[in-house]
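Just below is one structure, and these are the notes that go with it.
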Amino acid sequence: MDSRRKAIIKSSVRSSIEKLIGQARKAYNNGKVERSKRYIKMAFDLLKKHKVRLPEELKNSFCRKCYLVWIPEKTITAAYDRKNNCLRVKCKCGFSKRL
Ligand SMILES: [Zn+2]
């Protein structure tokens, strides 16, 4: 496969990931937590399969452990990490990540 074709595939994969995350957010806001997780799982599978790079704001918009969509004040808590001098977000499942 030539590299131009690859680039096209990657950009379309990226936009479907964006769409899936958007749908996951909507589903979560409508109280459909399980459906929302399914969307995230699909997005994450695409991400792994095609090894696309995502912008930071998308990378930090879901949990890679439990597939919960991350919505500030709702599904994650943010805390300042004194030891590492950074901001740390914590998902409902206990997974935490440095920002
Ligand atoms: Zn989680």
Side-chain angles (χ1 to χ4, degrees):
M1 207 191 298
D2 64 274
S3 66
R4 242 181 90 188
R5 210 171 123 77
K6 245 186 224 166
I8 292 168
I9 291 177
K10 286 208 172 173
S11 80
S12 79
V13 166
R14 196 175 297 132
S15 76
S16 8
I17 291 174
E18 272 170 39
K19 263 182 224 142
L20 282 167
I21 292 176
Q23 279 177 308
R25 263 200 203 113
K26 235 184 264 165
Y28 189 89
N29 285 329
N30 291 327
K32 304 206 162 45
V33 180
E34 286 312 312
R35 183 179 301 175
S36 160
K37 283 189 180 178
R38 269 207 302 277
Y39 285 134
I40 296 295
K41 178 131 190 348
M42 277 155 66
F44 195 51
D45 284 343
L46 278 176
L47 188 69
K48 277 190 301 191
K49 193 172 160 199
H50 297 277
K51 296 193 177 75
V52 289
R53 246 183 240 147
L54 287 183
E56 281 298 306
E57 71 263 26
L58 281 183
K59 261 200 271 178
N60 294 325
S61 62
F62 62 88
C63 179
R64 51 196 60 207
K65 273 240 162 115
C66 67
Y67 306 115
L68 190 66
V69 63
W70 280 355
I71 304 167
E73 315 291 325
K74 269 191 173 173
T75 61
I76 47 166
T77 49
Y80 186 70
D81 186 338
R82 275 166 189 278
K83 217 167 83 187
N84 296 301
N85 197 28
C86 66
L87 203 64
R88 189 175 273 281
V89 290
K90 197 169 183 205
C91 175
K92 275 188 169 177
C93 71
F95 177 73
S96 81
K97 185 177 190 285
R98 242 197 254 183
L99 283 192

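All ligand and atom numbering here is 1-based and tracks the order in the structure.
Here the closest non-hydrogen pair linking V69 and S36 is CG1-OG, 3.6 Å. Heavy-atom minimum distance, S16 versus S12: OG-O, 2.7 Å.
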Take N60 and V89 through the test side-chain contact (heavy atoms from CB on, under 4.5 Å) and record every step on the way to the result. CA-CA 9 Å; N60 294 325; V89 290; over 6 Å; no

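The neighbour count for R88 CZ, taken as heavy atoms of other residues, nucleotides or ligands under 6.0 Å away, is above 12. Other residues, nucleotides and ligands place more than 12 heavy atoms under 6.0 Å from the CD atom of E57.
Distances under 2.8 Å from the Zn ion (ligand 1) pick out the protein N/O/S atoms C63 SG, C66 SG, C91 SG, C93 SG.
Using a distance-only test at 3.5 Å, with no hydrogens or angles considered, a donor-acceptor pair links the side chain of R14 to the main chain of R53.
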